[in-house]
Participant: 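Got a structure for you, questions after.
Throughout, protein chains are lettered first and strands after them, A, B, ... in sequence-line order, and every chain is numbered starting at 1. Note: hydrogens, waters and symmetry copies are ignored here, and every other heavy atom, side chains too, is used.
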Protein chains: 2
Amino acid sequence: MPETRPYHHGDLRQTLLAAAVDAIAESGPARLSLRELARRAGVSHAAPAHHFGDKAGLLTAVAAEGYHLLADALTAAQQAGDFLDTGVAYVRFAVDHRAHFEVMYRPDLYHPDDQAVAAARQRAADALYGGVGTVTDTRTDSGIALAGAAAWCLVHGFATLWLNHALPAGLGTDPEAAARAVAAVLFQGPDQPQVGG
Amino acid sequence: MPETRPYHHGDLRQTLLAAAVDAIAESGPARLSLRELARRAGVSHAAPAHHFGDKAGLLTAVAAEGYHLLADALTAAQQAGDFLDTGVAYVRFAVDHRAHFEVMYRPDLYHPDDQAVAAARQRAADALYGGVGTVTDTRTDSGIALAGAAAWCLVHGFATLWLNHALPAGLGTDPEAAARAVAAVLFQGPDQPQVGG
DNA sequence: AGACAGTCTTGACACTGACAAGATGCATCT
DNA sequence: AGATGCATCTTGTCAGTGTCAAGACTGTCT
């Protein structure tokens, strides 16, 4: 890496993506500025537009990357543990990749019909619903679908509320343990709360 | 109402709030513009700043109004029906007042420590947790808290996913019926799916 | 009538996203 | 080797935005 920056950055797209994720994690997607990103990367103010078209294009790339990361995390958890672990992995993804998560579920910020992001979203959906049948495999099809939707809603709601510090403080400070305890209400009924276990 | 607008608008604060809600419902809080609101209200471009300080101040007022509306809806549902109805009312609020809902749970857009919004949020929290005990009144305290958190997570996740068109199409087009069916999984177990019943 | 506070306007500044046109460097073909 | 084509990045520019400061207008209170 020469001290004098070459005319071509070489890996500007990835650099901008990473800088965008950092900036969003710091102050939210609303305050994101393409020019600020360019300044951080040491390029001119119009360089980002070349790689992403416009601001929504950049956030589209962030969302697509996020869906891929989520799909990876879900499939890994699904192979290693049971359905509850997959739900906890969903929450862990949201906490560990807060910036991606916040963009993914805000389609007014990007191009939701973009081909790349649609494909990535489908990957995540497949991973998410792939393990649904294991928890209620003796029920009807509609029961399976409802149980899967309920599980997704629960972990998604937990993730968003946790990120906004909206959940009661009694759940502790460890998001995974809290998510496991709350999700256990759905998967095992309210009889056996497993917090701290 | 004289045709020539008087120097003092008379009810500018409420007019701007309503216009902001409309604009957010149309194109999301990210694309909100104070100057566009001023144009809609027929006042000068700096008039909004006088009433709300800055853009975040306006969204703070939107969030506070939203929390009050949510508290009203929850208490009404709680008095009229059971706990499941309260959860459905939460979803109905999110769908009917999409703009408020989208701002409320995005604290990076406003001043979350503002006194008025904190009080309104407390009202909504009280209304939300006021009816938790009725569903698991024979359980332990921690069980009650977990069940309440699980219920809140589920309906909140359902609301956000529904608004983003992220839920499977098989749930139908009526958000209240779909929410009732999904929430029934938590309240009654997966044995008795009540969709369409 | 006069002072005063609240309401709204005017003017200005820095910043942003987007567009057009040009400069630079790499790869490929003849 | 030399020329061509193309992706990459820069420079310059424009309209639009949020925010601040200063001033104009209006109702109220003494």
Side-chain angles (χ1 to χ4, degrees), chain A residues 1-20 22-24 26-63 103 106-111 114 116, chain B residues 1-20 22-24 26-63 103 106-111 114 116:
Chain A
M1 295 187 184
E3 292 87 344
T4 67
R5 197 180 314 279
Y7 191 92
H8 286 69
H9 181 286
D11 198 21
L12 182 57
R13 190 188 156 91
Q14 281 307 117
T15 301
L16 287 173
L17 256 182
D22 287 348
I24 294 169
E26 285 174 15
S27 46
R31 280 187 256 278
L32 184 68
S33 157
L34 291 183
R35 292 172 107 106
E36 173 65 26
L37 291 186
R39 250 171 268 142
R40 287 200 201 189
V43 293
S44 75
H45 65 259
H50 173 71
H51 288 276
F52 301 102
D54 55 3
K55 192 175 182 177
L58 170 62
L59 293 175
T60 303
V62 172
V103 173
R106 212 161 300 177
D108 58 308
L109 291 181
Y110 59 96
H111 302 306
D114 176 85
Chain B
M1 294 186 185
E3 292 86 347
T4 66
R5 197 179 314 278
Y7 190 92
H8 285 68
H9 181 283
D11 197 21
L12 182 56
R13 190 188 155 90
Q14 281 307 119
T15 302
L16 287 173
L17 257 182
D22 286 348
I24 294 169
E26 285 173 15
S27 46
R31 278 188 258 278
L32 183 68
S33 157
L34 291 183
R35 292 172 107 106
E36 174 63 27
L37 291 186
R39 248 170 269 140
R40 288 200 202 190
V43 294
S44 76
H45 66 259
H50 174 71
H51 287 278
F52 301 102
D54 56 2
K55 192 175 182 176
L58 170 63
L59 293 175
T60 303
V62 172
V103 174
R106 213 159 298 177
D108 59 305
L109 291 180
Y110 59 95
H111 303 307
D114 176 85

Participant: Classify the nucleic acid contact of A:Ala46 as base, sugar-phosphate or nothing, counting any heavy atom under 4.0 Å across all strands shown.
Facilitator: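 If one applies the 4.0 Å heavy-atom cut-off, A:Ala46 turns out to touch a base.
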Participant: Roughly how many Å is it from CZ in B:Arg13 to P in C:dC8, rounded to a whole number?
Facilitator: 12 Å
Participant: CG of B:Leu34 versus P of C:dC8: gap in Å, rounded?
Facilitator: 15 Å
Participant: Return the nearest nucleotide to the side chain of B:His51; candidates are D:dT10, C:dC8, D:dT8.
Facilitator: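 My answer, after comparing the listed nucleotides, is C:dC8.
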Participant: What's the spacing between B:His45 NE2 and B:Arg39 CZ if we round to 0.5 Å?
Facilitator: 10.5 Å
Participant: For a side-chain contact (heavy atoms from CB on, under 4.5 Å) with B:Phe52, tell me which candidate from B:Thr60, B:Leu37, B:Leu17, B:Val62 qualifies.
Facilitator: B:Leu17
Participant: Rounding to an integer number of Å, can you tell me how far A:Lys55 NZ sits from D:dG16 C1'?
Facilitator: 13 Å
Participant: Measure from the side-chain heavy atoms of B:Val43 and tell me the nearest of D:dT11, D:dT19, C:dT9.
Facilitator: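 Given the options D:dT11, D:dT19, C:dT9, the side chain of B:Val43 is closest to C:dT9.
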Participant: Any N or O donor-acceptor pair linking the side chain of B:Arg35 to the base of D:dG16 at under 3.5 Å?
Facilitator: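 Result: no qualifying N/O pair found.
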Participant: Could you state the CZ-C1' distance from B:Arg39 to C:dC8, rounded to the nearest angstrom?
Facilitator: 17 Å
Participant: Donor-acceptor pair under 3.5 Å: do we get one between B:His45's side chain and the base of D:dG16?
Facilitator: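 Checked by distance alone, the answer is no.
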Participant: Rounded to whole angstrom units, what separation is found between the NE2 atom of B:His50 and the C1' atom of C:dT10?
Facilitator: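 One finds 16 Å between C1' of C:dT10 and NE2 of B:His50, rounded.
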Participant: Can you tell me the distance, in whole Å, between the CG atom of B:Leu32 and the P atom of D:dG18?
Facilitator: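 Between P of D:dG18 and CG of B:Leu32: 7 Å.
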Participant: Rounded to the Å, how far apart are A:Glu36 CD and C:dA18 C1'?
Facilitator: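 About 18 Å, once rounded to whole Å.
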Participant: Once you round it to whole Å, what is the distance between P of D:dT8 and CG of A:Asp11?
Facilitator: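 The answer, rounded to whole Å, is 11 Å.
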Participant: At what distance, to the nearest 0.5 angstrom, does CG of B:Leu34 lie from CG of B:Leu16?
Facilitator: 8.5 Å
Participant: Would you mind checking if B:Glu36 and B:Lys55 are paired as a salt bridge, meaning a charged N to carboxylate O distance below 4.0 Å?
Facilitator: no
